[in-house]
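First comes the structure, then the notes that go with it.
We number each residue from 1, following the sequence as shown.
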Amino acid sequence: VEETTSETATQSAQGGASESTTAAESGSTEEAAAIELDIVLADGASTVSGAENASQYITVDNSTNVITVLSPGTYNFSGTLTNGQLVVNIDESYTDNNAEINFNGVSITNSSGPAIYGISGDIKLSAKKGTTNTLSDGTPAVFETETADDGTVTTTDEPDGCIFSHDGISLKGKGELIINGNYANGISGKDEVEVKNLTLTVNSVDNAIKAKDSVTVESGTLDLTSQKGNGIQCTKGDVNILDGSLTINAADKGIGAKAGNIVISGGTVNVTVLPSGAYDSAYNYDGIFAKVGSVTISGGDITVKAYCDGIQAETDLVISGTPTLNITTTGTINTADDISAKGLKSGTSTVLDGGTIVVESTDDSIHTDGDMTVNAADVTVSSGDDGIHADGTLKINDGSKIRVLKSYEGVEGWYIYINGGEMSIYSSDDNINAAGGNDTTSTNQNRFGPNTGSTGYLEINGGYIYCENSSTMGDGVDSNGDLVINGGTVIVNGPTSDGDTAVDFGDNAQLYYNGGVLFAVGSSGMAESPSTGGKGYAVTYGVNGMSMGGPGGGFGGMSRPGQGSTGGTSVAAGTLLTLADANGNVVAALKVKVNTSAVILGSDSITSGTAYTLYSGGTYTGTLDENGYGTGGTISGGTKLASGTVTSAVTALTAANN
């Protein structure tokens, strides 16, 4: 494909011919590089000064108000063109094929094409300190054409920007540049677009900034508004935000990379992508979107308000360092429109290796179609669906802080490994759910859930985990396969529905309590005990029998030992439960948040051969944490619910006759 000639491209701006000078006529590269000219713009009367034979370097056509830069050099512009154009057309034979363009109070309006038209040569534009400069375009009178190898000529949609260039565009300076993209894009480059220091305001019909090879914001203050397109769009390469302050209001995507990656390492980025009226399926309404690539955020302060996904990577999403992310999505989830309104979303993997992340979303707050790892990140989410969801393996490691304030299911994955960190999880269904399947629907029904017939696995090795069910239904900690607790502290204020349980595991599976703390309370109808094959010691109350695995179970199943329990004496929400030895020394205490008729308590402090008593109420000398949990201290004056001597891995306490 062969692009139009420079002459044809120049004519397209104003609908008429313009003077042209070849590289040979303009002098040597060395002579051109040293040139510096002053240009005063005026309708029909623009002037050039600073060198003899200036027409070697720049031509002025006052009949059409077209100014054409022909040679590398420095060009200082001032003045106004109410209907004119600046063209850059530097022959490619020059070693430094670029023009240094300084704006000192410039206003260029073109009713029939770009205000600045780059045919050949890089445009390096600087808005000088203390000046305000304005560029406005209109619908091109003539569009460029392309000729195929077979001679077929087609008309393109270019030039398509108020600043349009076939080569690189660099915008800088300590002044202000205002761009009005009345036809389509504000800035449109077939190569790279770079912004540094500048105060840049772009109002455009389509993309505010569009580039083919890359977009880089090094610094500056950018205010980008798009009526129908993106704030920033790169069609082939990467988008890099190094620093600066960006405010983006867009109709389609705030920041988009169609074929490359998005990298944010610093700065302040505020993105808003919300429908101006009714939802229109023609738009993505995504905040930050890498269509086929990755999103990497290692610094900066990022705020996104989007109707659909806040930040989406088709491959990997990696957050590291110390960035701050505040993400809000508002889309109404329904199967008809198949809207995804997730906070953070990736197609391959998600790694949260640092930063402070706050998400409020109508769909999953943090979602990946693959695996997810959380390391040393501070995460707070509130979701209309799942809080944290991985279609594959989910690992939560030491140093992480996770707060799920609201969710359908709190933390969900096929295989879940919790190795450390601090977690508090509130949900209307399962707090933690390890189950196989795919999250492919637009509503929370039929997603991962209890007893889908698939495998799952949940292993807890460390950390502090607090679970509270915000409704009467749903399990506290649930695995469709084995559930293994090797360490850490797990507190579950489970459901009050007898069709659910504080701790649940799959058919033909086991709950292995090997160490740490498991303090789970709630309803007794489906209550399940740990396996006798565990290496730690646990006691139960209101749970009939021990879980040995085997068939049956499932929702409403009664063939798994330990289910179908009649329960113990019901304890009202707000009551203190303590397990203590014969001297009143407390192993663990919990002020329960739900009405409780079943208790499972495993602790490293429980020893074989020791008699223990479970009390309700009384005077406790220890200290309870913010979740009502404590260890140590003594209990006195409480009501004895049950007691027993530990002789095996699981001991069912015998109800007391008070």
Side-chain angles (χ1 to χ4, degrees), residues 427 429-433 450-451 458 467-469 471-480 482-485 490-513 517-534 536-573 575 577 579 588 590 592-603 606 612 614 616 641-644 648-656:
S427 69
D429 198 61
D430 298 348
N431 295 110
I432 301 176
N433 183 34
N451 306 296
L458 172 59
C467 299
E468 184 176 327
N469 193 288
S471 73
T472 61
M473 300 180 66
D475 300 320
V477 177
D478 182 13
S479 174
N480 273 20
D482 286 339
L483 197 167
V484 180
I485 300 176
V490 183
I491 310 300
V492 183
N493 275 285
T496 57
S497 164
D498 279 334
D500 302 280
T501 181
V503 181
D504 189 24
F505 44 94
D507 302 343
N508 302 301
Q510 304 272 350
L511 163 57
Y512 293 103
Y513 168 72
V517 173
L518 170 62
F519 204 151
V521 301
S523 59
S524 58
M526 294 286 288
E528 300 174 88
S529 293
S531 166
T532 55
Y537 291 103
V539 297
T540 67
Y541 170 69
V543 180
N544 294 334
M546 263 66 75
S547 173
M548 307 296 291
F555 184 81
M558 297 299 181
S559 59
R560 217 185 311 175
Q563 289 190 331
S565 304
T566 57
T569 300
S570 181
V571 174
T575 302
L577 291 182
L579 183 72
L590 180 66
V592 299
K593 301 292 181 66
V594 297
N595 293 338
T596 297
S597 56
V599 177
I600 301 171
L601 175 54
S603 171
I606 296 176
Y612 294 97
L614 182 67
S616 65
L641 296 177
S643 62
S648 62
V650 181
T651 299
L653 301 179
T654 301

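When the side-chain contact (heavy atoms from CB on, under 4.5 Å) test is applied to A642, the partners found at least two apart in sequence or on another chain are Y541, L653. Residues satisfying the side-chain contact (heavy atoms from CB on, under 4.5 Å) test with S603, not counting sequence neighbours, are V517, V587, S605, I606.
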side-chain contact (heavy atoms from CB on, under 4.5 Å) between V503 and D475, intermediate numbers included | CA-CA 6 Å; V503 181; D475 300 320; over 6 Å; no
Going through the checks in order, is the side-chain contact (heavy atoms from CB on, under 4.5 Å) test met by L518 and L601?
-> CA-CA 5 Å; L518 170 62; L601 175 54; over 6 Å; no
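Judged purely by atom type and a 3.5 angstrom limit, T596 has no side-chain atom pairing as donor or acceptor with the backbone of S570. Side-chain N or O atoms of N431 include none that pairs as donor or acceptor with a backbone N or O of V477 at under 3.5 Å. Checking side-chain atoms of D498 against main-chain N and O of G525 turns up a donor-acceptor pair under 3.5 Å. N469 places a side-chain N or O within 3.5 Å of a backbone atom of D429 that can act as its donor or acceptor partner.
Here the CG atom belonging to N595 is positioned 7.0 Å from the OG1 atom belonging to T496, to the nearest 0.5 angstrom. Taking CG of L483 as the start and CD of Q510 as the end, the distance is 11.0 Å to the nearest 0.5 Å. Here CG of L590 is found 10.5 Å from OG1 of T575. Values are rounded to the nearest 0.5 Å. With values rounded to the nearest 0.5 angstrom, L641 atom CG is found 11.5 Å from S597 atom OG. For the atom pair OG1 (T532) and OH (Y512), the distance works out to 9.0 Å, reported to the nearest 0.5 Å.
Donor-acceptor pairing under 3.5 Å is lacking for the side chains of T501 and D504.
When all heavy atoms of P530 and Y513 are compared, the pair lying nearest together is CB-CB, 4.3 Å. When all heavy atoms of T540 and S529 are compared, the pair lying nearest together is CG2-OG, 3.7 Å. Shown here for S524 and G542, the closest heavy-atom pair between the two residues is CB-O, 3.6 Å. Smallest separation of non-hydrogen atoms from A649 and G534: CB-O, 3.7 Å. The two residues V592 and A572 come nearest to each other via the heavy atoms CG2-O, 3.6 Å.
The shortest distance between side-chain heavy atoms of F519 and I600 does not fall below 4.5 Å. Here the side chains of L577 and V571 are in contact, with some heavy-atom distance below 4.5 Å.
Shown are L458, N433, I432, L511; of these, the side-chain contact (heavy atoms from CB on, under 4.5 Å) with S479 is made only by L458.
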